[in-house]
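A short worksheet on the structure shown next.
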Amino acid sequence: MLCTSCGKYPAKTYTREVGGKKLVLELCPACFEKLYPEREEDSDFFATFVRADSAWDRACPACGTTLDDFRHTGLLGCAFCYTAFRKELLPSVQYAQGKVRHEGGSPSGGADDARYDLIRALVHEQEQLKARIRAAEEEGERDVVRQLKAQLSAINKRLYGGEGV
């Protein structure tokens, strides 16, 4: 088995205790030393990626991973962690990738261009509806939220259910 960090060298299994949870890592010795050097808590490697905040104990509602767990391990517990800790993770993503939003090129080709444009328009409309839903929820407009969610559901069916795309 290869190292899950570098993917080049044979991995050893390391066990670490973080926040009362047992974490099993499969890393080569070099990556383990790089990620988990024996040093003071204040100079933690991942602390440089995450903004200092007094809410380190805040936990993901889906899996229970805390920001402190992420600071120590660099690992999130589930996909929902990205939503739960979005504000705190954006600086890390910005640092690692240079941008926080994908700005890749669009595919080129003949007949699929119209389909691609339709999908792009649906995704754009989906994002706008989500923003309107958040605003309506903040205003306490339950009927508007219900209507917007119905529209969003219809768009999701077209995007993910293959209906009309």
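Hydrogens, waters and symmetry mates play no part in the numbers below; they use all other heavy atoms, side chains included.
In terms of heavy-atom proximity, Cys28 sits nearest to Tyr9 at CB-CB, 3.8 Å. In terms of heavy atoms, Leu75 sits closest to Thr65 at O-CG2, 4.4 Å. Residues Leu89 and Cys81 share a closest heavy-atom pair of CD1-O, 4.0 Å.
Cluster membership for Ile155 and Val123, using ILVMFWY side-chain heavy atoms within less than 4.5 angstrom, is shared.
In this structure a side-chain-to-backbone donor-acceptor pair under 3.5 Å is present from Asp69 to Thr66.
For Tyr14, the ring-ring contact (aromatic ring centres under 6.0 Å, His included) test picks out Phe32, with sequence neighbours left out. When the salt bridge (charged side-chain N to carboxylate O under 4.0 Å, His left out) test is applied to Arg86, no partner is found at least two apart in sequence or on another chain. Scanning for side chain to side chain contact (heavy atoms under 4.5 Å, CB included) contacts around Phe80 gives Cys60, Pro61, Ala62, Cys78, Thr83, Ala84, with sequence neighbours left out. Under the salt bridge (charged side-chain N to carboxylate O under 4.0 Å, His left out) criterion, Glu26 pairs with no residue at all, not counting sequence neighbours.
Distance check: Leu152 CG to Glu125 CD gives 9.5 Å after rounding to the nearest 0.5 Å. The CG atom of Leu129 sits 6.0 Å away from atom CD1 of Ile133, with the distance rounded to the nearest 0.5 Å.
Among residue pairs with one or both ends in residues 132-142, none qualify as side chain to side chain donor-acceptor pair (under 3.5 Å); sequence neighbours excluded.
Screening Gln128, Gln126, Arg120 for a side-chain contact (heavy atoms from CB on, under 4.5 Å) with His124, the sole residue that qualifies is Gln128.
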